[in-house]
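Note that ligands are numbered from 1 as they come in the structure, with each ligand's atoms numbered from 1 the same way. Just so it is clear, the values below take in all heavy atoms, side chains as well, and ignore hydrogens, waters and symmetry mates.
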Amino acid sequence: RVVVGTKVDQNHVNWVTAYNMLTGIRFTVSRTNAKMDRELTDADFDAKHKFSFDITGNELTPSAKYDFKFKDYAPWVFRHLRGIFKLDPADYLVSLTSKYILSELGSPGKSGSFFYFSRDYKYIIKTIHHAEHKFLRKILKDYYNHVQENPNTLLSQFYGLHRVKIPYGRKIHFVVMNNLFPPHRDIHRTFDLKGSTIGRDFREEDLEKNPRATLKDLNWLRRDLHLELGPTKKEAFIEQMRKDVKLMQKLHIMDYSMLIGIHDLEKGNEENLREKTLKVFQPGGEAAEEPQPNQLMRTPSKLETARKARELRQSVKTQKPVPMEQTSARMPDELEDSKKNFFFYSDDGGFQATHEDDRPGEEIYYLGIIDCLTHYSLIKRMEHFFKGLANTESQISAIPPERYGDRFLKFITGVTKTKEAAEREKAEAVLH
Ligand code: ATP
Ligand code: CA
Ligand code: CA
């Protein structure tokens, strides 16, 4: 299984930020996990805790490679959310703090967000706009209640909300969430569907250059594709989507989409590529040194402090753009069991197509509703901005959240049908 991304190592422009994110997560998550579990209170939803890290360490925080400030939001709520989503607490820490850092997906969207994958590809860190951050805090209780009632939700699973700031740097807010795509299966096609046609076309000519590109609604329709789900799965899928969309309508959220990664079982994984990757990438070879937990707790020696100071100077020097190296990493062949509990992620981490008689189909879908932190007011503001700027029609078709949700539901429901049903409909259309 080959994963393309840019490895974030010491030469990467975002190395310090990424490193600090992981250090902060490790510290705050272990801190909360160390305590005895308890019921949530109203105050837990508003909680925030600030920590200062520096190279010498202090009574509250261990020494770190760099000076930075870290804020942890609603740690108890997220601990419980991780519980509902059945994450193993130790696993979570290992994934996000192993010494193989992260790979970066640059900024795939227009929003300017950055995406980082944990080294094992299970988790995504997404940097979010301050408005999205404020909004998530505001709706956290609604989200929590929804997830509690709907553990099979298709919405993004949020595992943590944090903020990091390096000296003289800006505040960077970020969430940790589930990677919908599996570490062990190739995704042959990716679609991001909103149910709108305006600007929802990826130039087919560019697909050759970029075969892994995320395609959109018009590309989907042009290919006459369907989410091939037989009656049983279709009903469960649409029922859950309906509930999730209802929540978003209530919270005035819009601009979300259904992300669908398709694994074609006939094509399978590109085994040849896997062999090649093994040779190129030697795990453990060039990974950065990361302090071990027991090392963190003791006072550093003079020598270490001097080394850290040297590294810090070095890191400041390397804060200029560097050529981005493409990297691939070897991924496990098997998926661990935790996802098996969740209906839409229980077929090899995804949702396998079925036929009219519920017989398994030829594809596995890895899907979910993503980008669900945009409040209607933000869209309106952006639209205003664009209108003022170009004095032309808006580039974003902003319709109110109620209609956005209805249109989304209608589109996804409309394309959810088995091969058999699609063929029958086509035959009938010819007759009439
Ligand atoms: P914009 O607002 O311009 O749409 P954004 O920065 O908010 O962009 P998203 O829409 O959240 O970004 O995601 C952009 C792309 O990143 C998706 O199309 C998908 O390829 C990938 N992506 C986002 N979330 C996930 C996820 N949970 N699992 C796998 N891939 C994801
Ligand atoms: Ca989006
Ligand atoms: Ca967005």
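Counting non-hydrogen atoms of neighbouring residues, nucleotides and ligands closer than 6.0 angstrom, the CD atom of Glu420 exceeds 12 such neighbours. Annotation: Glu266, atom CD; neighbour count of heavy atoms from other residues, nucleotides and ligands within 6.0 Å does not exceed 12. Residue His129 places its NE2 atom among 12 or fewer non-hydrogen atoms of other residues, nucleotides or ligands, all under 6.0 Å distant. The environment of NZ in Lys141 is crowded: more than 12 heavy-atom neighbours from other residues, nucleotides or ligands sit within 6.0 Å.
Looking at Asn179 against ligand 1, both its backbone and its side chain come within 4.0 Å, counting heavy atoms. Under 4.0 angstrom from ligand 1, the non-hydrogen atoms of Ile124 all belong to its side chain. Both the backbone and the side chain of Leu180 come within 4.0 Å of ligand 1, counting heavy atoms alone. Within the 4.0 Å heavy-atom criterion, the part of Leu259 lying near ligand 1 is the side chain and not the backbone.
Residue contacts with ligand 1: Asp255 is placed with no nitrogen or oxygen under 3.5 Å of a nitrogen or oxygen of the ligand (distance criterion only). Of the N or O atoms in Ser156, none lie within a sub-3.5 Å distance of an N or O in ligand 1. Taking distance alone, with nitrogen or oxygen atoms compared against 3.5 Å, Lys194 stays at or beyond that limit from ligand 1. Any N or O atom pair closer than 3.5 Å counts here, and Asn178 shares at least one such pair with ligand 1.
Shown here are the ring pair (Phe, Tyr, Trp, His ring centres under 6.0 Å) partners of Phe351, two or more places apart in sequence or in another chain: Phe343, Phe344. Residues passing the side chain to side chain donor-acceptor pair (under 3.5 Å) test with Lys234, sequence neighbours excluded: none.
Distance check: Ile139 CD1 to Tyr144 OH gives 15.0 Å after rounding to the nearest 0.5 Å.
Ligand-side atoms of ligand 1 in range of Lys126: 5 (P), 7 (O), 9 (P), 11 (O), 12 (O), range being under 4.0 angstrom from any heavy atom. Under a 4.0 Å criterion applied to the non-hydrogen atoms of Ser113, ligand 1 contributes the atoms 6 (O). The distance from ligand 1 to the heavy atoms of Thr214 drops below 4.0 Å at these ligand atoms: 18 (O), 20 (O). Residue Met177 approaches ligand 1 through these ligand atoms, each under 4.0 Å from one of its heavy atoms: 24 (N). The atoms of ligand 1 that sit less than 4.0 Å from any heavy atom of Asp192 are 18 (O).
Checked by atom type, the side-chain pair Asp201/Asn219 shows a donor-acceptor distance below 3.5 Å. No hydrogens or angles considered: a donor-acceptor pair under 3.5 Å links the side chains of Glu363 and Tyr365.
Within the protein, the N, O or S atoms lying under 3.0 Å from the Ca ion (ligand 3) are Asp371 OD1, Asp371 OD2.
Lys65 forms a cation-pi arrangement with Tyr19, by the criterion of a distance under 6.0 Å to the ring centre and an angle within 45° of the ring axis.
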Name the atoms and distances for all side-chain donor-acceptor pairs under 3.5 Å in residues 77-86, with sequence neighbours left out.
residue : atom : partner : partner atom : Å
Arg79   : NH1  : Thr32   : O            : 2.9
Arg79   : NH1  : Lys35   : O            : 3.0
His80   : NE2  : Asp37   : OD1          : 3.0
His80   : NE2  : Arg38   : O            : 3.0
Arg82   : NH1  : Tyr159  : O            : 2.9

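Note on Arg189 versus Asp264: no salt bridge recorded, every NZ/NE/NH1/NH2 to OD/OE distance being 4.0 Å or above.
Ligand 1 lies out of reach of Thr190, whose nearest heavy atom is not under 4.0 Å from it.
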- Task: Would you check, one step at a time, whether the test side chain to side chain contact (heavy atoms under 4.5 Å, CB included) holds for Val29 with Tyr92?
- Result: CA-CA 9 Å; Val29 170; Tyr92 183 68; 4.0 Å; yes
